[in-house]
**Student:** 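Pasting a structure here, questions to come.
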Protein chains: 2
Amino acid sequence: MQMKTGVEQSVYAILILNMLPNRAILPGEAISQQLGTSPTYFQKLLRKLVSADLITSVTGVKGGFKLKRKPEEIRVYDVYLAIEGQQSLYSPSGILDDMLDLEKEDECCLLTDLMDEAESTWKTVLERETIKSLYEESTNRFPEKMEGLKEWVRERMVL
Amino acid sequence: MQMKTGVEQSVYAILILNMLPNRAILPGEAISQQLGTSPTYFQKLLRKLVSADLITSVTGVKGGFKLKRKPEEIRVYDVYLAIEGQQSLYSPSGILDDMLDLEKEDECCLLTDLMDEAESTWKTVLERETIKSLYEESTNRFPEKMEGLKEWVRERMVL
DNA sequence: GTACTTTTACTCGGATACCGTCTGTCCGAGTAATTATGG
DNA sequence: CCATAATTACTCGGACAGACGGTATCCGAGTAAAAGTAC
């Protein structure tokens, strides 16, 4: 039970896209280069983020990606959902129903309520943090390093 | 990112072992039969529960398993730990360190704090519920069915 | 009837195979800006 | 100089290969109760 590595990559990718000036765009390969991940696989992650309406894509020459929402409206949980999907961490298998020989309408899983609640509190924490808050935190901790990254973005962006 | 099915099986297995009278023992195969799972794989789960000090085993003829602790001292989280292991759900990959070109002592992951906190609250919920509380809940909801199961256990137990 | 041996029914733990999912690669198609070409 | 065609640099989405972990099976070894055997 481990979170996919794609979630972390996606968060940082969005953090980079957040450095773009208005209407500017960054090609996917530039981002994957900065992240140091495999370009082809990273493209698949980007498409998931597009499907989830977190970023927009522009096709053709001078194409690329940019944020679709304001950074304060992109929660870490949104990124998680986009990459991992919305299925819950626990899926009951109905063992208890067989053991107790329960009818259809009585079907139950003692653990479901508990697990759902646990996952819900977990989710709540991930909903608190947004790209904006992450961005501010990192610029506070590493102002000059982040400025350098921003500079890099400006060199690679188009439009 | 899905919880292993073994966690649910283990919880129900312990729930069954909780029906044993004092000093009685139940062979692993009887349990797996009741759960309707593959006997060989289920044995591996049982051994994990033994290693985690949740249950004790008796070898030889008339051998089997029984609870090692009182049901109120076995939390769902203990079972989870025994099966899934104690590794955290999120493991940072250090991408940000490379991006910002951080030194060793500055190494950081913006997401670690958040993820750790999320997992912590999740854990807390799983620590609340114990085998005892699950057992009481199920006997309240299905008193006669649970009594039937208890009867089955008495037929299969040894010693 | 007692001491000893054999059988039996379990757990223990390793080796191994299967299978689904995550990771990663490749390719053809679509798209739009840029460049080349022809009049 | 303008219209059109070809090239280029991207995204899109599917097909597919490899790695890894969870699931599942098998087997030999250890253990202790029970059953069998010898005297």
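Throughout, a chain's letter reflects where its sequence line sits, starting with A, and its residues are numbered from 1.
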**Student:** Provide, to the nearest angstrom, the distance between the CG atom belonging to B:Leu159 and the P atom belonging to D:dA32.
**Tutor:**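 For the pair B:Leu159 CG and D:dA32 P, the rounded distance is 13 Å.
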
**Student:** Taking atom C1' of D:dC10 as reference, at what distance in whole Å does atom CD1 of A:Ile31 sit?
**Tutor:**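 Going from CD1 in A:Ile31 over to C1' in D:dC10 covers 13 Å.
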
**Student:** What does nucleotides 20-33 of chain C look like as a protein-contact string, B for base, S for sugar-phosphate only, - for none, at under 4.0 angstrom between heavy atoms?
**Tutor:** --SBBB-----BBB

**Student:** How close or far is atom C1' of D:dT23 from atom CG of B:Leu35, stated in whole angstroms?
**Tutor:**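 Whole-Å distance recorded here is 15 Å.
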
**Student:** Send over the distance from A:Lys68 NZ to D:dT11 P, rounded to a whole Å.
**Tutor:**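 In whole Å, D:dT11 P lies 17 Å from A:Lys68 NZ.
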
**Student:** Mind checking if B:Gln43 touches a base, just sugar-phosphate, or nothing, with heavy atoms under 4.0 Å?
**Tutor:**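 Sugar-phosphate: the residue B:Gln43, judged by heavy atoms under 4.0 Å, touches backbone atoms but no base.
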
**Student:** Take the protein atom CD1 of B:Ile25 and the nucleotide atom P of D:dT31, then report the distance between them rounded to whole Å.
**Tutor:**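 One finds 17 Å between P of D:dT31 and CD1 of B:Ile25, rounded.
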
**Student:** Determine, using the 4.5 Å side-chain heavy-atom cutoff (strictly less than), whether B:Leu54 and B:Val58 are members of one ILVMFWY cluster.
**Tutor:**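 No: no chain of side-chain contacts under 4.5 Å links B:Leu54 to B:Val58.
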
**Student:** Whole-Å distance between D:dG22 C1' and B:Glu8 CD?
**Tutor:**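 Interatomic distance, CD of B:Glu8 to C1' of D:dG22: 16 Å.
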
**Student:** For A:Tyr77 and A:Trp122, I'd like to know if the aromatic rings sit close, meaning centre-to-centre distance below 6.0 Å.
**Tutor:**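 For A:Tyr77 and A:Trp122, the ring centres are not under 6.0 Å apart.
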
**Student:** Under a 4.0 Å threshold between the charged nitrogen and the carboxylate oxygen, would B:Glu117 count as salt-bridged to A:Arg128?
**Tutor:**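 Answer for the salt bridge query: yes.
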
**Student:** Before accepting this row, confirm whether a basic side-chain N of the pair A:Arg154/A:Glu147 lies closer than 4.0 Å to the acidic partner's carboxylate O.
**Tutor:**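 A:Glu147 and A:Arg154: salt-bridged.
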
**Student:** Please give, in whole Å, the distance from C:dA9 P to B:Met157 CE?
**Tutor:**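 Computing the B:Met157:CE to C:dA9:P distance gives 20 Å.
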
**Student:** Quick one: do B:Arg69 and B:Asp53 make a salt bridge, cutoff under 4.0 Å?
**Tutor:**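 Salt bridge between B:Arg69 and B:Asp53, a charged N being under 4.0 Å from a carboxylate O: no.
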
**Student:** Taking B:Glu84 for its side chain and B:Val7 for its backbone only, find out whether a donor-acceptor pair lies under 3.5 Å.
**Tutor:**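 Answer holds: no.
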
**Student:** Whole angstroms only, please: what is the CG-P distance between B:Leu26 and C:dA9?
**Tutor:**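 The answer, rounded to whole Å, is 17 Å.
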
